[in-house]
Amino acid sequence: MEIKQCRFVTSVASCDKILENTMPEIAIAGKSNVGKSSFINFIVDNKNMARTSSTPGRTRLLNYFEINKGQLMFVDLPGYGFAKVGADIKDNWDDLIGGYLLGSKKLINVFLLVDVRHEPTALDKQMVAYMHHYHIPFTVIATKCDKLSRQACMKQRQIIASALCLGNENIMFVSALKKTGKEEILNRIEQLLDIYK
Ligand SMILES: Nc1nc2c(ncn2[C@@H]2O[C@H](COP(=O)(O)OP(=O)(O)O)[C@@H](O)[C@H]2O)c(=O)[nH]1
Ligand SMILES: [Mg+2]
């Protein structure tokens, strides 16, 4: 799989406005600041595609990115678990994430991003439990792998996998900064699209 083209389509602020797509969707989920927007920019090879921010919690929307003129849609989900937002805003975000996950008719997989340095949080675990409960297929991707040595990454793999009740081989590794792990992600997307066909 090769990504030749990416186009920002639209932002959506409430779940009654989620797009009725004809193409398969892969949602990018994870805590605020885990590197979701950077991941999209890295995978589509355009550093300005999804907005990235060092201020957590800036993305309060579903952002849709169309890949290869209708082959696939990436949906950048709002980050969860940012403690500094007010309770009502937080509820709204969770509604938006939940509303999207259950409301999208074209969702084929969720890419759940976790920071390679940290043990998954209660919210990460909740997210995994939620996807299990609703039979939503997902892929766990550890981000910011440039921050640790290879050996430390392998150690973290064990910690992340066991916290999320997954096998070690189910965790993928990327660094948007060093641009590593892209081939594996593209292969994964290709595999998902093949299953979907
Ligand atoms: N070192 C390093 N920093 C990263 C990487 N990916 C993202 N970041 C940084 O993490 C912060 C949050 O990234 P962003 O993509 O906005 O996260 P989002 O809130 O999940 O969309 C930014 O300061 C990024 O520069 C990475 O692979 N390596
Ligand atoms: Mg973002």
Side-chain angles (χ1 to χ4, degrees), residues 3 6-14 18 25-67 73-86 89-90 92-94 96-98 100-101 109-128 130-131 138-157 160 164 171-186 188-189:
I3 295 183
C6 177
R7 177 179 75 94
F8 170 73
V9 179
T10 191
S11 292
V12 162
S14 71
I18 62 176
E25 294 172 4
I26 292 176
I28 317 297
K31 286 192 307 181
S32 297
N33 220 33
V34 71
K36 294 179 296 300
S37 301
S38 305
F39 174 81
I40 291 175
N41 290 341
F42 163 48
I43 295 303
V44 308
D45 203 15
N46 180 340
K47 63 182 177 1
N48 300 314
M49 186 56 63
R51 250 195 345 183
T52 63
S53 169
S54 51
T55 312
R58 217 167 106 184
T59 312
R60 299 150 195 240
L61 304 161
L62 305 176
N63 293 306
Y64 286 82
F65 300 92
E66 181 188 329
I67 307 297
M73 194 80 99
F74 278 150
V75 186
D76 189 12
L77 300 184
Y80 54 74
F82 178 50
K84 278 186 198 156
V85 299
I89 301 175
K90 209 168 154 212
N92 181 35
W93 290 4
D94 295 348
L96 193 52
I97 295 170
Y100 168 79
L101 292 175
N109 203 267
V110 175
F111 284 1
L112 177 63
L113 272 47
V114 296
D115 189 317
V116 73
R117 294 168 295 173
H118 309 307
E119 185 170 348
T121 64
L123 285 165
D124 292 322
K125 293 177 189 172
Q126 231 176 63
M127 182 74 182
V128 167
Y130 187 92
M131 292 187 289
F138 64 92
T139 304
V140 176
I141 300 170
T143 63
K144 308 192 186 185
C145 290
D146 55 277
K147 300 254 195 190
L148 295 179
S149 69
R150 198 180 153 70
Q151 197 184 3
C153 278
M154 289 307 115
K155 204 173 150 211
Q156 283 304 105
R157 166 179 248 169
I160 294 166
L164 300 178
I171 318 286
M172 306 185 77
F173 291 86
V174 296
S175 163
L177 187 76
K178 291 277 165 67
K179 301 191 188 299
T180 57
K182 186 169 176 174
E183 207 51 43
E184 289 83 353
I185 299 296
L186 292 177
R188 176 75 180 143
I189 294 170

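Bear in mind the structure is a predicted one, so any value in this text is a computation, not a measurement. Order of appearance sets the numbers: ligands from 1, and atoms from 1 within every ligand.
- The closest side-chain heavy-atom distance from K182 to I43 is below 4.5 Å.
- For the atom pair CZ of R188 and OG1 of T139, the computed distance is 3.5 Å after rounding to the nearest 0.5 Å.
- Less than 4.0 angstrom separates some heavy atom of S175 from each of these atoms of ligand 1: 27 (O).
- Close contacts of ligand 1 with K36, meaning ligand atoms under 4.0 Å from a residue heavy atom, involve 15 (O), 17 (O), 18 (P), 19 (O), 20 (O), 21 (O).
- With a heavy-atom cut-off of 4.0 Å, K178 does not touch ligand 1 at all.
- Between C145 and ligand 1, no N or O atom pair is found at a separation short of 3.5 Å.
- Nearest to atom 28 (N) of ligand 1 by heavy-atom distance, out of D115, T180, D146, I28, is D146.
- Applying the side chain to side chain contact (heavy atoms under 4.5 Å, CB included) test between L77 and each of L61, N63, L62, L96 identifies L62 as the sole match.
- Residue-to-ligand polar distances place G35 within reach of ligand 1: an N/O pair is separated by less than 3.5 Å.
- Between V34 and the choices L113, I141, L112, the side chain to side chain contact (heavy atoms under 4.5 Å, CB included) rule is met once, by L113.
- Residues I185 and F39 form a side-chain contact, since some pair of their non-hydrogen atoms from C-beta on lies under 4.5 Å apart.
- Across every non-hydrogen atom of C153 and C145, the tightest pair is SG-O, 3.9 Å.
- Ligand 1 has no atom lying under 4.0 Å from any heavy atom of G79.
- Set against the non-hydrogen atoms of A176, the atoms of ligand 1 under 4.0 Å away are 6 (N), 26 (C), 27 (O).
- Every N/O-N/O distance between F39 and ligand 1 stays at or above 3.5 Å.
- When each of I160, T143, V128 is paired with V114, the side chain to side chain contact (heavy atoms under 4.5 Å, CB included) condition holds for I160 and for no other.
- Of all the heavy atoms of V34, the ones lying under 4.0 Å from any atom of ligand 1 are found in both the backbone and the side chain.
- For ligand 1, the atoms closer than 4.0 angstrom to any heavy atom of S38 are 6 (N), 7 (C), 13 (O), 14 (P), 15 (O), 24 (C).
- Using a cut-off of 2.8 Å, one finds that S37 contributes an N/O/S atom close to the Mg ion (ligand 2).
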Could you please spell out the steps behind the side chain to side chain contact (heavy atoms under 4.5 Å, CB included) verdict for F74 and D76? CA-CA 6 Å; F74 278 150; D76 189 12; over 6 Å; no
Given the rule in the side chain to side chain donor-acceptor pair (under 3.5 Å) test, do T121 and D124 qualify, once you have shown the distances and angles that lead to the verdict? CA-CA 5 Å; T121 64; D124 292 322; 3.2 Å; yes
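- Backbone and side-chain nitrogen or oxygen atoms of N33 are examined, and one is located within less than 3.5 angstrom of a nitrogen or oxygen of ligand 1.
- Distances from ligand 1 to the non-hydrogen atoms of T143 include no value under 4.0 Å.
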